[in-house]
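Model, not experiment: these values are computed from the prediction.
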Amino acid sequence: AEAGREASEIRFKSLFDNAPIPIREEDLSGMKRLIDALDLPDPAAFAQYLDHHPEFLEACSREIIVVDANRASLDQHGYKDRSEMLKKVVKTLSPAAKKIVRMTVETLHAGAPGRSYETTITRADGSVRTVAATWTVVPGHEETYARILLCSVDLTERLQSEEALRQAQKMEAVGQLTGGVAHDFNNLLTTVLGNLDLAKTSQAEAERQQLLDEAIEAGQYGATLIGHLMDFTQRARLSPERTQVKDICGRMNLLVSRTLGDNHRVSVDIQADLPDIYIDNGKI
C-alpha cells in the first residue's frame, strides 16, 4: 500500500509539473484568517472598510503563500528557478495585482469557491503580459482556503493579433470613407475659393459679407468632416467623455452619406431621450 501511494504521488507530481497550462498551488488561509478577524459579515460594510483601509489589502497580500508552481508557470513568469518564483511572484504588487488582491479578498469574504478574471502580469525581465486566470479551492479546503489551484493562459499574442486585425479593417473602411469625403471636400473648396474671388470684386458691402460668410461656413464644414475622419483613424489611448448617441450617429451620417453617393439615402432614427454614454467617440 505504501509503495502504491508513493507511485501515485510521483505520477501526480509528474502530471502537475508537465501540464501544458501554467498552474500554481497557493495557500490563502492567512488571508482568510485576517478577513474573519474583522467580523464584518455585511458585504457593503466590508467593501466600505476596504475602501478606507488600503493597508488591509497590503496585509492580505503578504499572507499569500505560493506553495508550488509547474514548469509552464515558471516559463510564463520568466523564472528558471522555482524557489525564486515562489519567493517573488506575489511580493511586488503592481496596480493590476492590487485589483486582483481585492477581488480575491472579496471572494473569500463571500465564501465563493473560486474566481475567474483577466489581468496583466510583470515577468522577471520586466515585460508585461496579459493573462486569463481562474482559481478554485481544492475539495476539502473550502473553509480555510489553505489549498487553491490557479490556472492561467497567456492572451498577449491573441490580443495583439485582434488589434492588428481591427486596425486593418479600420483602414479598409477609411479608404471607402475618404473617397466620399474627398469628393465633398473638393466641392467645399470650390465654394470657398469661388466666394472669395467674387468677394474681391463685389462693390456692395452686404453682398461681399454674404459671400464671406458662405465661404467661412463651407470651410468650417470641411474642418468638421476632416475632424471626424481623424477621430475614426486615431490609434491613441482611449479618451472617454460623456456623449449623446444621437450626436455620434449624426456626425457619422455625414461621412456615410458622402461615401454612398447620391444614389442612396441614409435615414437615422434615434429615440430622443436616450441617456448619455461615457465612451471614446473615435473608437465607437
Notebook entry, point to check: Between Arg115 and Thr107, does any side-chain donor sit less than 3.5 Å from a side-chain acceptor?
Noted result: yes
Notebook entry, point to check: In terms of hydrophobic clustering (I, L, V, M, F, W, Y; side-chain heavy atoms under 4.5 Å; direct or indirect links), are Met31 and Tyr49 co-clustered?
Noted result: yes
Next item on the list: Could you check if a side-chain atom of Leu38 sits within less than 4.5 angstrom of a side-chain atom of Phe56, using non-hydrogen atoms only?
Entry: yes
Next item on the list: Using atom types as modelled and distance alone, determine if a side-chain donor or acceptor of Ser73 lies under 3.5 Å from a backbone N or O of Ala69.
Entry: no
Next item on the list: Identify the heavy atoms of Ala146 and Ser29 that sit nearest to each other, and give their distance.
Entry: CA-CB, 4.0 Å
Check: Rounded to the nearest 0.5 Å, what separation is found between the CG atom of Leu40 and the CD1 atom of Ile35?
Finding: 11.0 Å
Checklist line | Euclidean distance, Glu58 CD relative to Ser61 OG, rounded to 0.5 Å | finding: 5.0 Å
Note to self: Between Asp68 and Arg82, does any side-chain N to carboxylate O distance fall below 4.0 Å?
What the structure shows: yes
Next item on the list: Mark yes when over 12 heavy atoms from residues, nucleotides or ligands other than Ile21 sit less than 6.0 Å from its CD1; otherwise mark no.
Entry: no
Check: Out of curiosity, Leu274 CG to Gln244 CD, how far, rounded to the nearest 0.5 Å?
Finding: 9.0 Å
Check: Should we say atom CD of Glu162 is surrounded by more than 12 heavy atoms from elsewhere, each under 6.0 Å from it?
Finding: yes
Checklist line | Common cluster, Met103/Leu150, ILVMFWY with side-chain heavy-atom separation under 4.5 Å | finding: yes
Checklist line | Val128 side chain reached by Ile121 side chain, heavy atoms, under 4.5 Å | finding: no
Check: Got a second to check how far Thr119's OG1 is from Arg129's CZ, nearest 0.5 Å?
Finding: 14.0 Å
Check: Where do Val137 and Arg147 land on the side chain to side chain contact (heavy atoms under 4.5 Å, CB included) test, with the steps shown first?
Finding: CA-CA 6 Å; Val137 179; Arg147 293 189 68 191; over 6 Å; no
Check: Can you check whether Leu193's main-chain N or O pairs, donor with acceptor, with Asp197's side chain at less than 3.5 Å?
Finding: no
Item checked: hydrophobic_cluster_shared for Val101 and Phe46, side chain cutoff 4.5 Å -> yes
Notebook entry, point to check: Does some side-chain heavy atom of Val153 sit less than 4.5 Å from a side-chain heavy atom of Cys151?
Noted result: no
Next item on the list: Kindly compute the distance separating OG (Ser152) from CD1 (Ile23), expressed to the nearest 0.5 Å.
Entry: 9.0 Å
Margin query: Could you list the cluster mates of Leu211? Members are the ILVMFWY residues connected by side-chain heavy atoms closer than 4.5 Å, either directly or through other members.
Written below: Leu198
Checklist line | Least distance between heavy atoms, Ala19 atom then Ala72 atom | finding: O-CB, 3.7 Å
Check: Looking only at heavy atoms, what is the nearest atom pair of Tyr145 and Ala112, with distance?
Finding: OH-O, 2.6 Å
Margin query: Would a single hydrophobic cluster contain both Val66 and Phe16, if residues Ile, Leu, Val, Met, Phe, Trp and Tyr are joined by side-chain heavy-atom contacts under 4.5 Å?
Written below: no
Next item on the list: State plainly whether the residues Asp75 and Arg71 are in salt-bridge range, i.e. N to O under 4.0 Å.
Entry: no
Next item on the list: Could you check if a side-chain atom of Leu212 sits within less than 4.5 angstrom of a side-chain atom of Asn195, using non-hydrogen atoms only?
Entry: no
Check: Could Arg208 and Asp213 be called an ion pair, given the rule that one side-chain N must be under 4.0 Å from one carboxylate O?
Finding: no
Notebook entry, point to check: Does any donor atom in the side chain of Glu214 or Thr191 lie under 3.5 Å from an acceptor atom in the other side chain?
Noted result: no
Note to self: Is the shortest side-chain heavy-atom distance between Val105 and Leu57 below 4.5 Å?
What the structure shows: yes
Next item on the list: Under the salt bridge (Lys or Arg N to Asp or Glu O under 4.0 Å) rule, what do Asp51 and Arg102 come out as? Steps first, then yes or no, please.
Entry: CA-CA 10 Å; Asp51 291 338; Arg102 171 152 184 164; 2.8 Å; yes
Next item on the list: Take Glu84 and His77, measure what side chain to side chain contact (heavy atoms under 4.5 Å, CB included) needs, and give me the verdict at the end.
Entry: CA-CA 11 Å; Glu84 183 183 10; His77 287 269; over 6 Å; no
Margin query: Using side chain to side chain contact (heavy atoms under 4.5 Å, CB included), reason through Val131 and Gln76 one step at a time and then give a plain yes or no.
Written below: CA-CA 10 Å; Val131 300; Gln76 184 181 72; 3.9 Å; yes
Checklist line | Other residues, nucleotides, ligands: >12 heavy atoms within 6.0 Å of Glu142 CD | finding: yes
Margin query: Tell me the closest heavy-atom pair linking Val192 and Ala218, and the distance in Å.
Written below: CG2-CB, 3.8 Å
Notebook entry, point to check: Between Asp154 and Thr130, is a side chain to side chain contact (heavy atoms under 4.5 Å, CB included) present by the stated rule, with each step listed?
Noted result: CA-CA 6 Å; Asp154 195 319; Thr130 302; 5.6 Å; no
Check: To the nearest 0.5 Å, what is the distance between CG (Asp27) and NZ (Lys32)?
Finding: 13.0 Å
Check: Counting heavy atoms not belonging to Glu157, are there more than 12 under 6.0 Å from its CD?
Finding: yes
Margin query: For a 4.5 angstrom cut-off between non-hydrogen side-chain atoms, does Leu159 reach Glu118?
Written below: yes
Margin query: Let me check something: do Leu34 and Ile148 share a hydrophobic cluster, defined by ILVMFWY side-chain heavy atoms less than 4.5 Å apart, either directly or through other members?
Written below: yes
